[in-house]
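Let me begin by presenting the structure, written as structure tokens, before commenting on it.
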Amino acid sequence: MKRIAVFGKPGGGKSTLGRKLAQAKGLELFPLDLMVYRADGTKVANEEYAAAHRAILDRDGWIIEGLGTLESFWQRLESADTLIYVDLPYWQHYWFTSKRLLQSAWVKPEGWPQGSSVLKGTLASWRYLRLSPRFWTSALLARIEASAAGKALYHLQSTADIDAFVNAHRVRR
């Protein structure tokens, strides 16, 4: 596990999983939200994002968490040796997204783009979650599985799966 892609719907715990895995494996974590948005919350130009994404893929080791553009998503899956699809039930994605908003009154969510509104981000996440069944389909999973030939693919479908995965991949000292 040196080149790890963590992806899935909003609010599933991708950032937390990526952070824990980065600590355990000693790899640098690249949250895509921090690459897509500037410190003031505005989006970066697609060309700037694509160049930054390509530079990460050219490294020996990384963990990239998030979706980004479709083009970069498929590039990342091709370059990765490990694919982690966080696919919790929809109600959990909605709950975790809502919980993040509620907690943001006291603490900024970890990995959240500096200057970005948590409220606006939550509204966008809810909108994306509403549209997600059209994107995160069984056909997409089949395509991901086909692209995973020769790679490790983990399809985490519950918080218990995520916890077990983190526990199994901790660095033993």
Side-chain angles (χ1 to χ4, degrees), residues 1-23 25-88 93-94 96-137 140-141 143-144 147-148 151 156 162:
M1 293 178 101
K2 289 189 63 177
R3 305 174 106 205
I4 304 168
V6 181
F7 53 92
K9 298 177 285 293
K14 298 180 303 292
S15 297
T16 301
L17 174 60
R19 181 179 40 79
K20 289 178 179 180
L21 202 52
Q23 290 170 347
K25 298 297 181 188
L27 294 170
E28 189 170 355
L29 174 63
F30 297 94
L32 289 180
D33 284 346
L34 297 180
M35 294 173 56
V36 171
Y37 297 97
R38 297 189 192 288
D40 66 359
T42 60
K43 282 186 105 173
V44 302
N46 285 341
E47 300 79 23
E48 184 180 339
Y49 164 76
H53 183 263
R54 173 53 51 203
I56 295 167
L57 295 184
D58 288 342
R59 293 173 167 227
D60 287 335
W62 41 259
I63 299 173
I64 301 176
E65 169 271 305
L67 184 65
T69 65
L70 278 180
E71 180 181 3
S72 70
F73 175 68
W74 293 111
Q75 289 171 349
R76 189 164 46 262
L77 295 193
E78 184 178 315
S79 296
D81 60 32
T82 305
L83 311 178
I84 304 171
Y85 176 19
V86 179
D87 183 25
L88 305 178
H93 286 274
Y94 277 105
F96 289 155
T97 301
S98 301
K99 183 177 156 186
R100 178 178 60 207
L101 173 63
L102 295 171
Q103 290 176 332
S104 73
W106 293 273
V107 63
K108 178 180 151 279
E110 191 169 339
W112 197 262
Q114 191 67 31
S116 292
S117 165
V118 178
L119 176 60
K120 286 181 183 177
T122 300
L123 293 174
S125 292
W126 286 338
R127 252 188 321 275
Y128 184 73
L129 280 167
R130 193 180 69 240
L131 298 172
S132 286
R134 295 183 198 160
F135 179 78
W136 297 103
T137 63
L140 178 68
L141 178 58
R143 186 172 172 197
I144 290 168
S147 73
K151 303 170 189 244
L156 308 180
I162 294 171

Apply side-chain contact (heavy atoms from CB on, under 4.5 Å) to Leu17 and Leu156, showing your working.
CA-CA 11 Å; Leu17 174 60; Leu156 308 180; 3.9 Å; yes

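- With Lys151 contributing its side chain and Ala80 its backbone, the two residues share a donor-acceptor pair below 3.5 Å.
- Checked by atom type and distance alone, the side chain of Tyr94 pairs as donor or acceptor with a backbone atom of Arg130 at under 3.5 Å.
- Closest approach of Thr137 and Pro133 over heavy atoms only: CG2-O, 3.2 Å.
- More than 12 heavy atoms of other residues, nucleotides or ligands lie within 6.0 Å of CD in Glu48, so this atom counts as buried by the packing criterion.
- Taken to the nearest 0.5 Å, the NE2 atom of His93 stands 6.0 Å off from the CG atom of Asp87.
- Rounding to the nearest 0.5 Å gives a distance of 10.5 Å between OG1 of Thr122 and CZ of Arg127.
- Between Phe73 and Phe7, the ring planes are perpendicular. Angles over 60° get that label, and only those under 30° would be called parallel.
- Looking at Lys9, its side chain never comes within 3.5 Å of a backbone N or O of Tyr128 through a donor-acceptor pair.
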Compile the donor-acceptor pairs under 3.5 Å between side chains in residues 50-58 and protein atoms, sequence neighbours left out, one pair per line.
| residue | atom | partner | partner atom | Å |
| --- | --- | --- | --- | --- |
| His53 | NE2 | Arg76 | NH1 | 2.6 |

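- Between atom CG of residue Leu27 and atom CD1 of residue Ile63 there is a gap of 5.0 Å, rounded to the nearest 0.5 Å.
- No side-chain heavy atom of Met35 sits under 4.5 Å from any side-chain heavy atom of Val44.
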Full working for side-chain contact (heavy atoms from CB on, under 4.5 Å) between Arg100 and Ser125
CA-CA 11 Å; Arg100 178 178 60 207; Ser125 292; 3.4 Å; yes

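- When atom types are taken as modelled, the side chain of Ser72 and the backbone of Thr69 share a donor-acceptor pair closer than 3.5 angstrom.
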Carefully, step by step, assess Leu21 and Ile84 under the rule side-chain contact (heavy atoms from CB on, under 4.5 Å).
CA-CA 11 Å; Leu21 202 52; Ile84 304 171; 3.6 Å; yes

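- One finds the CG atom of Leu123 at 11.0 Å from the OG1 atom of Thr97 (value rounded to the nearest 0.5 Å).
- The two residues Gly66 and Lys14 make their nearest non-hydrogen contact at CA-CE, 4.2 Å.
- Between Trp126 and Ser98 the shortest side-chain heavy-atom distance falls below 4.5 Å.
- A distance-only check finds a donor-acceptor pair linking the side chain of Ser147 to the backbone of Ile144 [under 3.5 Å].
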For a side-chain contact (heavy atoms from CB on, under 4.5 Å) check, start with the C-alpha distance between Lys43 and Tyr49, then their side-chain angles and the critical distance, and finish with the verdict.
CA-CA 9 Å; Lys43 282 186 105 173; Tyr49 164 76; over 6 Å; no

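- In terms of heavy atoms, Leu67 sits closest to Leu32 at C-CD1, 3.5 Å.
- In terms of heavy atoms, Leu88 sits closest to Gly12 at CD1-O, 3.5 Å.
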